[in-house]
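Structure, as structure tokens:
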Amino acid sequence: MMPFKELVLASHNAGKLKELQAMLGDAVRVRSVGEFSDVEPEETGLSFIENAILKARNAARVSGLPALADDSGLAVDHLGGAPGIYSARYADGQGDAANNAKLLDVLKDVPDAERGAQFVCALALVRHAEDPLPIICEGLWHGRILHAPRGEQGFGYDPLFWVPERDRSSAELTPTDKNQLSHRARAMALLKARLGI
Ligand SMILES: O=P(O)(O)OP(=O)(O)OP(=O)(O)OC[C@H]1O[C@@H](n2cnc3c(O)ncnc32)[C@H](O)[C@@H]1O
Ligand SMILES: [Mg+2]
């Protein structure tokens with residue numbers, strides 16, 4: 001059974017919020033941290049998990065509600081796991097299009113066989129801002145980086161992420177399909193099982 005009726009989602013990313021909301025369904029009343037504060041906490045952790053906890057604590061503090069945060073990113077094999085936790089800031093904060101352009105440029109001479117990558121998602125749930133035992137769930141999604149963007153759905157690096165099990169880019173998947181396959185979907189399935197919802 002869900003241990004609480006209301007939950008704040010600790011993300012300022014509209015794409016993520018939409019996906020998390022769809023995955024949670026009506027198990028719980030969901031609010032967004034943007035209703036309480038526009039200030040985004042600095043993501044100073046060295047891991048997805050630390051950053052997810054940091055964002056969840058911040059959202060719980062400003063809202064007074066239990067909070068769920070998602071820290072995610074793209075880990076490219078050829079780049080030793082970069083951009084990883086720095087995925088959102090890869091092109092120095094210039095946004096998704098610049099991040100994607102930089103990634104394509106960095107990988108321009110890298111052959112298909114060496115373009116393996118995974119999306120990573122860490123979810124952190126805190127019951128209150130000082131919760132000493134956050135619930136952490138992780139998910140990975142394996143794929144390959146394309147040579148040019150494909151598709152209009154999703155957000156972020158989706159147009160560059162080839163999904164072998166569907167023979168399409170992540171941005172060519174329907175939202176329903178992405179929400180069953182993705183790193184976020186896998187982490188959320190674990191979280192739901194953990195919460196018994
Ligand atoms: O921190 P919040 O406020 O949640 O929003 P954010 O966009 O800054 O989120 P992160 O710090 O977790 O950075 C995630 C990065 O990884 C990318 N990313 C994460 N999940 C993705 C997905 O499902 N599809 C495409 N890109 C994704 C996203 O575009 C960002 O560049
Ligand atoms: Mg962020």
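Indexing begins at 1, ligand by ligand and atom by atom, following the structure's order. One is the number of the first residue; the rest follow in order along the sequence.
For ligand 1 and G73, the ligand atoms under 4.0 Å from any heavy atom of the residue are 16 (O). Within ligand 1, the atoms closer than 4.0 Å to a non-hydrogen atom of S11 are 2 (P), 3 (O), 4 (O), 5 (O), numbered from 1 in the order shown. Taking every non-hydrogen atom of S87 and a distance limit under 4.0 Å, the qualifying atoms of ligand 1 come out as 15 (C), 16 (O), 31 (O). Distances below 4.0 Å separate heavy atoms of K55 from the following atoms of ligand 1: 1 (O), 2 (P), 4 (O), 10 (P), 11 (O), 12 (O). Interface of D158 with ligand 1, defined as ligand atoms under 4.0 Å from a residue heavy atom, comprises 22 (C), 24 (N), 25 (C). Listed by number with element, the atoms of ligand 1 under 4.0 Å from a non-hydrogen atom of K178 are 22 (C), 23 (O), 24 (N). Every atom of ligand 1 with a heavy atom of D71 under 4.0 Å away is listed here by number and element: 10 (P), 11 (O), 12 (O).
Within the 4.5 Å cutoff, side-chain heavy atoms of L65 are placed close to those of F36. Counting heavy atoms from C-beta outward, D70 and C121 have side chains that approach closer than 4.5 Å. You'll find the side chain of I197 stays beyond 4.5 Å of the side chain of V28, heavy atoms only. Under the 4.5 Å side-chain criterion, counting only non-hydrogen atoms from C-beta, V163 is in contact with W141. Using a 4.5 Å cut-off on side-chain heavy atoms (C-beta onward), L68 and V30 make no contact. Annotation: side chain of L103 is in contact with side chain of L74 (closest heavy-atom distance under 4.5 Å).
Regarding atom 12 (O) of ligand 1, its nearest protein heavy-atom neighbour is K16 NZ, 2.8 Å. Counting only heavy atoms of the protein, atom 29 (O) of ligand 1 lies nearest to G156 CA, 3.3 Å. The protein non-hydrogen atom at the shortest distance from atom 7 (O) of ligand 1 is N13 ND2, 2.8 Å. Protein heavy atom in closest approach to atom 26 (N) of ligand 1: Y157 N, 3.1 Å. In this structure, atom 3 (O) of ligand 1 lies nearest to the protein heavy atom H12 N, 2.8 Å. Scanning the protein heavy atoms around atom 11 (O) of ligand 1, the nearest turns out to be E43 OE1, 2.9 Å. Distance from atom 20 (N) of ligand 1 to its nearest protein heavy atom, with residue and atom name: R184 NH2, 2.9 Å. Scanning all protein heavy atoms for the shortest distance to atom 25 (C) of ligand 1 gives F155 O, 2.9 Å.
Residue K178 forms a side chain to side chain donor-acceptor pair (under 3.5 Å) with just one option from Q153, E19, E172, and that option is E19.
From L191, atom CG reaches atom CZ of R194 across 8.5 Å, with rounding to the nearest 0.5 Å.
Taking 4.0 Å as the cut-off, R89 does not count as a neighbour of ligand 1 on heavy-atom distance. Residue contacts with ligand 1: L74 is excluded, as none of its non-hydrogen atoms falls under 4.0 Å. The closest approach between S182 and ligand 1 stays at or above 4.0 Å for every heavy atom of the residue.
The Mg ion (ligand 2) lies closest to atom OE2 when only the N/O/S atoms of E43 are considered.
Distances from atom 14 (C) of ligand 1 to the heavy atoms of C121, A88, G154, S72 put S72 nearest.
Ion pairing of D105 with K108 is present here, as a side-chain N (NZ or NE/NH1/NH2) and a carboxylate O approach within less than 4.0 Å.
Checking E40 against the Mg ion (ligand 2), every N/O/S atom stays at or beyond the 2.8 Å cut-off.
Annotation for E130: atom CD does not count as buried by contact number, only 12 or fewer foreign heavy atoms lying within 6.0 Å.
For the 3.5 Å distance criterion, the side chains of D38 and H12 fail to qualify, holding no donor opposite an acceptor. Checking S72 against R184 by side-chain atom types alone, a donor-acceptor pair falls below 3.5 Å.
Below 3.5 Å of separation, one finds no N or O of E40 facing any N or O of ligand 1.
Here the closest heavy-atom approach between residue L146 and residue S169 is recorded as CD1-CB, 3.8 Å.
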